[in-house]
Amino acid sequence: MTIAPDKNSTELVVPEGHVKLVIDGVEVVAPKGELLIRTAERLGTVIPRFCDHPLLEPAGACRQCLVEVEMGGRPMPKPQASCTMTVADGMVVKTQLTSPVADKAQQGVMELLLINHPLDCPICDKGGECPLQNQAIAHGRSDSRFHEHKRTFPKPINISTQVLLDRERCVLCQRCTRFSAQIAGDPFIELLERGAQQQIGVAKEKPFQSYFSGNTIQICPVGALTSAAYRFRARPFDLVSTPSVCEHCSSGCAERTDWRRGKVQRKLAGDDPQVNEEWICDKGRFAFRYATADDRITRPMVRDAETGELRESSWTEALQVAAAGLLAARDANGVGVLTGGRLTVEDAYAYSKFARIALHTNDIDFRARPHSAEELEFLSGTTVFTNPDNGVTFQGIESAPAALLVAFEPEEEAPIVFLRLRKSARKGTTKVFHLGQFTTPAVEKTFGTLLACVPGAEANALNALPDHASDVVELLGKPGAVILVGERAAEIPGAFTAVARLAERTGAKVAWIPRRAGERGALAVGATPNLLPGGRHVANTAARTEVERTWGVEEGSLPANPGRDTTGILEAAANGQLSGLVVGGVDPFDLPDPALAEKALAQAGFVVSLELRPSAVTAHADVVLPIAPAVEKSGSYLNWEGRRREFGTTLEGTGALPDCRVLDTLAVEMDADLFTQTPAAAAADLARLGEGAPSGSSLNVAAPLQSPAGAGKAVLATWHRLIGNGSLQVDEPHLAGTARPVVAKVAEATAQQFGLETGGYVTVSTERGAITLPVETDDLPEGVIWLPTNSGDVTVRATLGAGHGSIVSVSGGKS
Amino acid sequence: MVNPLTPVLTKRWTEPRSWTIETYERTGGYTALPKALKAHPDQLIQQCKDSGLRGRGGAGFPTGMKWGFIPQGDGKPHYLVINADEGEPGTCKDIPLMMADPHSLIEGVIITSYAIRANFAAIYVRGEVLHCIRRLNAAVKDAYAKGYLGKDILGSGFDLDVVIHAGAGAYICGEETALLDSLEGRRGQPRLKPPFPATSGLYASPTVVNNVETIASVPFIVNGGADWFREMGRDRSPGPKIYSLSGHVTNPGQYEAPMGTTLRQLLDMAGGMKDGIPLKFWTPGGSSTPLFTAEHLDVPLDFEGAAEAGSMLGTTALQIFNETVSVPWAVMKWTEFYKHESCGKCTPCREGTYWLVQILQRMVAGNGTASDIDTLLDVCDNILGRSFCALGDGAVSPITSGIKYFKDEFLALCDQNSKVLAGANA
């Protein structure tokens with residue numbers, strides 16, 4: 001806590017750990033170690049700066065922030081950089097406001113920065129929001145004395161497919177290189193050459209391949225770094241900026257969406273110290289064009305009885321057809337609901353309520369990915385009741401003495417969690433342990449320790465920690481230690497049981513960090529077969545009655561038995577035990593068994609699809625209802641911390657309707673009232689329910705014994721990469737170009753066993769199909785092969801019908 | 001007049017094959033080492049303090065005090081790094097010393113390492129001087145063979161390894177923190193201070209960085225004692241000093257004389273100005289030190305004397321220019337050097353030298369105006385004391401001192417360009 005000067009009191013109280021100094025004649029108390037530039041800023045004096053950034057280590061390179069400093073009554077002989085000098089007791093500081101020396105020094109540096117800066121502001125993307133432009137006006141000369149030749153460079157150069165560099169605009173503040181080295185841990189850009197020829201650059205054939213490269217563009221104080229996505233698209237002063245929340249992963253980053261004439265032009269990181277600080281990943285920044293893809297569905301469609309093809313229809317017709325079809329299916333064998341993991345809390349709530357009161361079923365599941373009953377037990381027993389007050393948070397990670405990551409790839413699955421882990425690991429606060437299969441870049445960049453095991457053996461590894469890695473268990477016993485579990489744990493029998501036991505033994509807090517923005521919210525609102533909103537168990541009569549009363553439905557009308565999970569729903573639909581499906585934003589190829597999903601969609605009597613773009617679901621749907629993408633609706637996400645991340649509508653008046661509105665109207669056609677006409681109404685309806693009481697969980701899934709894979713076989717390890725084939729990444733080729741190379745990974749010994757050559761190809765196959773791709777060796781356990789789940793031509797689920805822990809055949813292959 | 005030369009560091013230079021370990025030992029070399037190893041390290045630091053030895057790299061920091069800053073018993077390794085990245089225009093004392101008498105440096109390195117409790121020392125040599133690097137490598141090899149380096153030196157239990165590291169030819173790496181970054185394999189650019197090398201130097205461990213001439217003096221101090229050392233030179237700048245005379249003198253070269261010797265005395269020793277053409281200007285310690293003129297012939301050349309006269313002792317590289325040399329031209333050439341060698345880290349030095357060169361080149365080409373002189377001085381003012389390290393300060397010294405003493409020459413270059421309105425004089 002720092003104390004701003006109070007004009008009424010004569011004597012400032014200096015608390016423990018603070019010092020008193022004078023800035024521009026004003027006494028101020030500042031915490032020890034604070035940089036002068038920040039103390040001055042708290043007083044309202046902005047000292048111009050370029051290299052300084054509050055989240056980067058001080059550099060003192062640009063020399064723009066010079067001030068006069070007096071220590072112990074003696075003026076220091078030279079002006080000092082206020083971005084590198086920390087406060088001291090009795091210090092007297094004079095900024096440009098009171099010191100002609102400081103003012104001249106700042107004007108001088110500004111003039112020097114401008115001599116080589118091109119006068120291309122009128123065509124520069126930064127023009128209008130440029131710190132150099134702004135500060136030159138505030139602290140610079142109005143004319144130039146420079147009559148010589150400016151330094152020029154060929155422009156621009158691509159330092160990745162996404163990031164472009166105009167070197168002659170660069171003021172060499174090194175924010176980008178320092179961000180990449182310190183924050184992201186991807187030092188692929190560096191200073192090259194020296195003197196006036198000094199420039200930022202990349203090594204030959206080593207592009208700036210970082211998941212966080214876009215942040216360098218945002219913190220660049222000039223227009224030197226631009227993105228291929230935004231370059232020359234707009235001027236900042238023509239844009240409307242709307243605060244928003246990222247719709248991709250479960251971190252729930254604060255963003256700023258800049259748009260013009262009904263079209264999003266770019267996204268920037270918002271400043272939220274509790275969540276994403278000032279950073280976002282490149283997916284969050286650049287993957288937004290899916291909403292404007294050419295094939296976006298904007299009109300309802302109904303399958304024509306004669307042609308068997310979908311045809312555009314009116315909303316009235318589509319809703320009537322859908323309602324009639326669903327009512328008939330409900331009264332036959334019932335309807336299942338698959339919601340996907342990308343819904344807002346409000347939309348997911350509408351699906352949850354729709355299933356219960358319009359379809360009279362608990363057959364609803366948000367898990368459009370591999371899942372297990374054990375996972376559901378864990379989520380509904382503990383995770384659903386955690387929130388930032390009682391659970392793990394970003395800031396909790398930063399102060400944790402130890403973090404054990406179980407089946408969780410932070411850089412690929414929740415990049416902002418990765419940044420926090422790296423931040424605290426780099427400070428030496430947090431020791432990070434990765435229970436995984438090989439030393440991924442994230443293991444190295446979090447200074448972590450890999451606890452390697454065969455896929456599927458994670459539970460056994462966890463159970464054996466006290467015997468084999470007592471130091472890990474000891475560290476996890478320290479107050480504040482955390483265990484972070486990823487979505488892949490659902491593919492590992494016994495993993496959640498083992499995590500719960502370890503947490504019980506050590507007292508470490510557990511957080512479940514799913515990959516998708518909507519999963520945690522869907523869990524909270526009961527888009528699961530066993531829960532009603534607020535974590536209330538469907539089998540609990542009192543909880544059910546509570547919900548029935550709040551919803552104003554007849555007592556005893558809510559279904560009392562837990563429903564089917566995603567696979568259960570698909571199996572039932574495939575063999576006729578379910579007559580209809582309502583599917584919202586599910587890509588069948590993300591499901592554990594895409595073939596089953598296709599069969600279910602084909603066999604189900606009646607399918608309603610709520611979708612943005614044509615998919616394998618709409619191909620089978622009887623009615624397709626278009627819904628709004630995130631920027632065209634309001635709502636909230638519940639991030640993995642359980643923190644509500646509310647956002648307003650960015651693009652108003654596009655006519656696109658949120659899922660909750662579509663479902664509300666559909667329910668009316670089916671003679672049920674959801675009261676979810678708008679996200680705000682849905683949120684209010686949800687709020688009336690409050691939270692239920694935890695019913696406790698009974699996790700008891702034994703870790704299976706591993707059996708050898710057999711000759712010619714290997715155990716498959718697989719997870720999604722941040723940048724891959726995700727359906728929200730379409731239409732952004734520059735982002736796709738920064739994806740990591742698509743390769744298989746095996747141990748050296750495994751490569752020899754299967755006769756695989758370095759730099760060669762490997763063929764991985766199951767009864768379903770085969771994938772051939774380049775192979776690299778890494779430090780995996782023997783007999784294990786790793787593939788990206790869904791990158792480029794490698795679609796593990798669709799082609800192989802396999803997942804993490806599956807047994808696959810491996811052979812040398814030619815491309 | 002009495003010959004004022006005091007050959008100490010240079011006393012072996014005239015010996016045949018002076019660089020060999022045999023010559024070194026025959027002429028009293030490696031006799032200080034056994035004495036030092038019998039002493040307590042703190043005694044050596046105290047002796048160095050008592051001797052008043054000051055750093056010969058230019059700044060003149062008291063050497064014993066620098067050694068005393070190394071925290072002892074901190075559990076970290078300590079390092080000694082020798083700055084042999086001699087690259088200042090005019091400066092040519094360390095390379096001849098290492099060529100002629102490398103073992104005096106090595107013996108000094110061993111004694112200093114013992115004093116600061118370092119078991120590893122690196123000699124960072126300018127990369128262009130391959131012959132010197134070869135000679136040092138050979139000398140280190142010989143010292144290992146004789147047991148002066150390696151494990152349990154002379155049975156004392158003290159271990160020391162010495163590495164000769166070749167730089168890649170960047171002037172900035174003579175700045176001690178840039179040198180450390182370069183030595184660690186990084187880009188050679190100065191580090192933010194604090195922390196200072198004494199607590200967080202090479203590999204973030206306590207490190208002493210000293211100049212070649214400084215460390216080569218150490219064995220002589222150990223043998224001769226602090227009082228002997230103080231017999232030479234002046235009270236606050238004691239000891240002998242190698243003065244490097246270059247330019248328009250009859251006999252350019254290295255003249256080792258007590259601190260405080262004047263250029264007049266040195267010129268006498270060097271046979272006077274070449275061809276009798278009178279002296280016009282000179283640098284007392286390399287191009288980074290403000291110019292002197294014939295008025296300063298009697299300035300005592302030690303740290304205080306040079307500073308009082310408005311310059312710096314620097315590296316005692318006396319570049320001597322006679323009346324045939326144009327000051328603006330010489331200043332331009334020096335500035336071209338600084339522009340070429342600016343590391344680029346900070347704005348004032350990087351951009352300022354880029355600008356200054358262009359103004360000076362334009363003036364020397366006869367296209368300057370009087371206002372350019374004001375611009376030069378103002379840009380210099382915006383560099384001096386505003387840059388990240390001292391190299392920016394050094395870059396403006398020739399310009400500001402050149403204009404201070406020879407403004408007429410700069411103005412003369414602009415005469416033809418003074419703008420006169422047509423008909424104004426009619």
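Every value quoted in this text rests on a predicted model; they were computed, and no experiment measured them. Note on naming: letters A, B, ... go to the chains in the order of the sequence lines (proteins, then strands), and numbering restarts at 1 for each one.
- Residue contact with chain B, scored on non-hydrogen atoms closer than 4.5 Å, involves the backbone and the side chain of A:Leu113 alike.
- With contacts defined as side-chain heavy-atom distances shorter than 4.5 Å, the pair B:Arg350/A:Leu172 qualifies.
- Residues from residues 86-105 of chain A that place a non-hydrogen atom less than 4.5 Å from a non-hydrogen atom of chain B comprise A:Val101, A:Lys104, A:Ala105, given in numerical order.
- Heavy-atom distances place no part of A:Pro77 under 4.5 Å from chain B, backbone and side chain included.
- Using a 4.5 Å heavy-atom cutoff, the side chains of A:Gln107 and B:Asn382 are not in contact.
- Contact annotation for residues 182-206 of chain A against chain B (heavy-atom separation below 4.5 Å, listed by residue number): A:Leu191, A:Leu192, A:Glu193, A:Arg194, A:Gly195, A:Ala196, A:Gln198.
- Near-neighbour residues of residues 130-149 of chain A relative to chain B, defined by a heavy atom under 4.5 Å from a heavy atom of that chain, comprise A:Arg145, A:Phe146, A:Glu148, A:His149.
- Chain A forms more heavy-atom pairs under 4.5 Å with one residue of B:Gly188, B:Ser387, B:Pro194 than with any other, namely B:Ser387.
- Residues of residues 47-54 of chain A having a heavy atom under 4.5 Å from any heavy atom of chain B: none.
- Within the 4.5 angstrom heavy-atom criterion, no atom of A:Ala81 approaches chain B.
- Counting only distance, with no hydrogens or angles, the side chain of B:Tyr354 and the backbone of A:Arg151 share a donor-acceptor pair below 3.5 Å.
- Salt-bridge annotation for B:Glu351 and A:Arg63: absent, with no side-chain N of the basic residue lying under 4.0 Å from a carboxylate O of the acidic one.
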